[in-house]
2 protein chains.
Amino acid sequence: MARISDVAKKAGVSVASVSRALSGLPGVSEATRIRVEAAVKALDYRPDLAARRLRSRRTNKLGLIVSDICNPFFTEIGRAVEDVAYQHRMRVMLCNSDEDPEKEAFYLEMMRDENVSGVILSPTLPLLSGLKTSDHPFPLVLVDRCERDSEVDAVVLDNFDAGFRLTEHLIAQGMRRIVFLYGSAGSTGAQRHQGYLAAMAAAGLAPDAEPIAPRAERAREVVEVLLSRKPLPDALLASNGLILQGVVEAARALGVSFPGEIALAGFDDMPWTRLIEPGITVIAQPTYEIGRAAIELLLARIASPEQAVRRLVMRGELKIRGSSRKTSA
Amino acid sequence: MARISDVAKKAGVSVASVSRALSGLPGVSEATRIRVEAAVKALDYRPDLAARRLRSRRTNKLGLIVSDICNPFFTEIGRAVEDVAYQHRMRVMLCNSDEDPEKEAFYLEMMRDENVSGVILSPTLPLLSGLKTSDHPFPLVLVDRCERDSEVDAVVLDNFDAGFRLTEHLIAQGMRRIVFLYGSAGSTGAQRHQGYLAAMAAAGLAPDAEPIAPRAERAREVVEVLLSRKPLPDALLASNGLILQGVVEAARALGVSFPGEIALAGFDDMPWTRLIEPGITVIAQPTYEIGRAAIELLLARIASPEQAVRRLVMRGELKIRGSSRKTSA
DNA sequence: GTGAAAGCGCTAACAT
DNA sequence: ATGTTAGCGCTTTCAC
């Protein structure tokens, strides 16, 4: 491997000039810059990142720690983050905490060790409570999850509003006994739950909600119990895509038809929600935009570390499909 | 930040002893080791990775470049790789080439720049043809895709066999006019196509296959044309999950029922293939095992670079569901 | 605008 | 078993 001194020799200049030319710093004549570029090409020189980092104490790397890499919501965010990072000549380290606080802590330490410029994180619930930027040696931006009082930059859905509107829609369809199944692992489930409660209260209806651990299998178990008790509720509301999957599995397993015997609705516009007859009504999140906003917030924070904490709240889109259709009682 | 010299001072030993103790090298007394560990804890010392890499010219990082991070097949592989890497105190850089040779080249360069110990890769087709390990400064293991004559370690499904068995199953169900839709972007589609051709030939049936660009949308367009021409074929076979999704979307859009009007089958046991009534017949891949085998192959190659090239071929599992059921003609 | 030289924090070779 | 020390390849003063 060619080193910077080889390039300097070939170009007939000092290593300092090569370094300046390659970093795009001022104080290099056009002639020198051209000679350096030619030498770099001729030798197929690539700067040694380890040396560069050791000396400069900076990196051009960002971290992205998501809580479930298998969730299309987060993969789409990853795509957005990479696209923007790519344009800024930044690199992204993608990590999957798998909803496990220990893994999350491991990756946060890794980010520190790697000396990243900043991190985008969808935190587990334990971490989120009492999260402070000052605990981390790098700028931090939250995605998907944050508390009302989190003192950290964040990009999230308006979960309360989304929960409210989805519930409102079901009520407008004539549903009365609406059961809300919400994820217990993140903050989003709780916030959507609040929206549900508000909408039910506004309509003078009695709420009936159940927290569920974040696995489709678990949701399926709960729903199978629910669906085997008669009379059935009018509707089932799932606070995320995983739970929605469990709900559909359970309905299939027990032969309960929707919207005939029970209406269904949920969150996250996954591909299969359109494929299943007669389509599942969901709140769709502007996923790519959330990701893009997150990295833009992060880059802005890196550029000016002292700016005020910002939170971007995005509105979900209600996609009405067959699963919540009014049925003649 | 504390440096190694601070630890040495605190522990009352030399920096060399600290380095040895931390790297688990021999030549350190138990007493010294304990003193070092105490000093490390007291100072909250973390080795500077950039310095360590610069000096040792090694890293404990692996690269994983997948061609579609949104595909559950690859996310599951990522999970397996991370699990095993974690146990070996290795770190994984996960990258998404998005089926784009340019992005792929970018990430391979990045791996070189980062000085990774090895890379697991699902290559794009252009890269795969003419791939040599000697082109890359790190050990390489292919997953999912490789050619018969690739001189690289690899872990793949037995695609020919899988294509053969899936076709054979449909033939056994009485299907005659079976159309095979296969992905044109990877090598797997072509190999599954070969299996299909062999099975059709063995049964004395005329093959009818069509290559498709790797996007569900594209598959949908092709299938919509196909399904609007009468008479319909007996069955549609999709060579991967994405195409299968497009097939189902098209069938729904045109109101073509399955298995009533046409039988369906495909590859990849995605969650929704079970949810859709009456279930889609697929070849399931041992995804997690493929990922685990890949990193184990890679670690073995890193340990002994000169060993013979190995290829691990895994057998798919045929999951028969309602979509391929024989219907009374 | 350019060059000489110091030194980032660590590992490994060598000495004891 | 332990210490001393020379760099790894680069960036960044500082002097010219």
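In what follows, chains are A, B, ... by sequence order, proteins preceding strands, each numbered from 1.
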Nearest listed nucleotide, side chain of B/Val13, among C/dG3, C/dG1, D/dG3: D/dG3
Classify every nucleotide of nucleotides 8-16 of chain C by which part a protein heavy atom approaches to under 4.0 Å, writing B for the base, S for the sugar-phosphate alone and - for neither, in 5'-to-3' order. BBBBB----
What is the separation between atom CZ on A/Arg35 and atom P on C/dT2, rounded to the nearest whole Å? 10 Å
I'd like to know if the side chain of A/Ser150 reaches the main chain of A/Glu147, judged simply by a donor and an acceptor atom lying under 3.5 Å from each other, with no hydrogens or angles considered. yes
Any salt bridge between B/Asp48 and A/Arg57, counting N to O under 4.0 Å? yes
Would you say B/Ser17 places a side-chain N or O within less than 4.0 Å of OP1 or OP2 belonging to D/dG3? yes
Is the closest basic N to carboxylate O distance between B/Glu109 and A/Arg46 below 4.0 Å? yes
Salt-bridge present (B/Arg215, B/Asp68; N to O < 4.0 Å): no
Do B/Asp98 and B/Lys103 sit within salt-bridge range, that is, some charged N less than 4.0 Å from a carboxylate O? yes
Quick check on the helix from C/dG1-D/dC16 to C/dT16-D/dA1: what's the angle between its two end axes, five base pairs per end, to the nearest 10°? 30°
Can we say B/Arg112 and A/Asp44 salt-bridge, meaning some charged N sits less than 4.0 Å from an Asp/Glu carboxylate O? yes
Salt-bridge contact B/Arg91-A/Asp113 (side-chain N to carboxylate O under 4.0 Å): yes
N-O pairing of A/Arg58 and A/Glu114 below 4.0 Å: no
